Number of protein chains: 2
Amino acid sequence: MTTPEGEFRRDESLGYVVNLLGRLFARALDQRLRRHGVALGQFPVLLILWEQEGITQSEIARRLDIEQPTVANTLKRMERDGLVSFGPDPGNRRQVLVGLSEKGRALRAPLIAEAEAVNGQASQDFSAAERALFIALLRRMAANLSEFSE
Amino acid sequence: MTTPEGEFRRDESLGYVVNLLGRLFARALDQRLRRHGVALGQFPVLLILWEQEGITQSEIARRLDIEQPTVANTLKRMERDGLVSFGPDPGNRRQVLVGLSEKGRALRAPLIAEAEAVNGQASQDFSAAERALFIALLRRMAANLSEFSE
DNA sequence: TGCTGTACTATAGCTTGCTATGTTGTTTCG
DNA sequence: CGAAACAACATAGCAAGCTATAGTACAGCA
């Protein structure tokens, strides 16, 4: 399944097309989140905190599969924007527990609605079966790429 | 197809999963390109220039669906790294034509091999039909998101 | 011709991702 | 107990995406 002659068609390259679609999703969601004063990268962190507050920075990084310094910087901007606050863990002085502000909690329903609107637009002509199939293929591919790098 | 109760499952969200897969592709390809001294974002630009040299910055941006300032900055780094050179267009003094260095041309085969290796790993257990179906779904979704923003 | 609009490039500034490295606290084990 | 390993967080520095804006050259038209 290698390409015949040093040729390489961008439009047939999995990585290229996935990356392009990813940027389209990012642009669409970013525009909508900005209306609420929230930046794109803050949204996944909010998703985690809406599930569970009082976890550590590294736990957030682990659940999102993002590096710890990236999360640290995003949290710092979220604190600046009044979305989260940090409290020391009395039982463990090296870690810091992250909590939501009221503002952060209140954004849950409206921001999730924005994300669902984007997902809805993206899959507007997909049947439920197609959508499920698509997610399954995405996940298989992600699993393939997560295997030890070689 | 909206979610029942303010719930939002990351693992079922199209945007979330596409974004995650995109980062996995990016990490995998970045690691491989680094061995050749090339940064990830330079690769799409190289793909364009391998097809056709002597085009303008904005033409590159248009073909890749990336904003012009992003391309401008990437090209600046590529010049620094000795991959491209700029020549003024004698017939049009406002634009600049981008050309490849010998080094840039020579990287074609090895870098395409790296990209194909990543694509191959990602789709290692996919049949040709599945791969084609997957690409078709990605493209439909991209078309849906490209429709005028609302 | 000259003015207006458009196209190309550049610059500033932000966010979010990454790696690499350092600091500090906790755990483990000899 | 003390040393070594490990875990959490911070910081520095880079790449690449974005928006907004400004400057310059060209084109089209009154």
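Nothing here was measured: the structure is a model prediction, and the numbers come from that model. Chain identifiers are assigned alphabetically (A, B, ...) following the order of the sequence lines, protein sequences preceding nucleic acid strands; residue numbering begins at 1 within each chain.
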Any donor-acceptor N/O pair under 3.5 Å between D/dA25 base and B/Gln95 side chain = no
Salt bridge (Lys or Arg N to Asp or Glu O under 4.0 Å): pairs with one or both residues in residues 80-94 of chain B, sequence neighbours excluded =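 Output for this query is empty, none listed.
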Any salt bridge (Lys or Arg N to Asp or Glu O under 4.0 Å) involving residues 43-65 of chain A? Give me the pairs, sequence neighbours left out, ordered by first then second residue.
-> A/Glu51-B/Arg10, A/Glu53-A/Arg105, A/Glu59-A/Arg62, A/Glu59-A/Arg63, A/Asp65-B/Arg27
Where DNA chain C forms stems, i.e. three or more consecutive Watson-Crick or G-U pairs with both distances under 3.5 Å = C:1-30 with D:1-30
What residues form a side-chain hydrogen bond (donor to acceptor under 3.5 Å, both in side chains) with A/Thr56, not counting sequence neighbours?
->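 side-chain hydrogen bond (donor to acceptor under 3.5 Å, both in side chains) list for A/Thr56, sorted by chain: empty.
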Nucleic acid contacts - [range] versus DNA chain D, non-hydrogen atoms under 4.0 Å:
range: residues 10-20 of chain B; value: none
range: residues 55-64 of chain A; value: A/Thr56, A/Gln57, A/Ser58, A/Arg62
range: residues 36-47 of chain B; value: B/Ala39, B/Leu40, B/Gly41, B/Gln42

How would you give the extent of chain B contacts on DNA chain C, as first and last nucleotide 5' to 3' within a 4.0 Å heavy-atom cut-off?
->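 Result: C/dA7 to C/dT19.
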Roughly, in whole Å, what's the span from CD in A/Gln68 to P in D/dT11?
-> 11 Å
Listed partners of A/Phe134 passing ring pair (Phe, Tyr, Trp, His ring centres under 6.0 Å), at least two apart |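 A/Phe134 satisfies ring pair (Phe, Tyr, Trp, His ring centres under 6.0 Å) with B/Phe134 once adjacent residues are dropped.
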Can you tell me how far CG of A/Leu137 sits from CZ of A/Arg139, rounded to the nearest 0.5 angstrom?
->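 Here the interatomic distance stands at 10.5 Å.
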Sorted by number, the residues of residues 74-94 of chain A with heavy-atom contact under 4.0 Å to DNA chain C |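 A/Arg77, A/Arg80, A/Asn92, A/Arg93, A/Arg94 - these, ordered by number, are the residues of the stretch whose heavy atoms sit under 4.0 Å from the strand.
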Name all residues meeting the side chain to side chain contact (heavy atoms under 4.5 Å, CB included) criterion together with B/Lys76; count only those two or more places apart in sequence or in a different chain, and write none if there are none.
-> B/Asn73
Partner residues of B/Ala72 under the side chain to side chain contact (heavy atoms under 4.5 Å, CB included) criterion, sequence neighbours left out | B/Gln57, B/Gln68
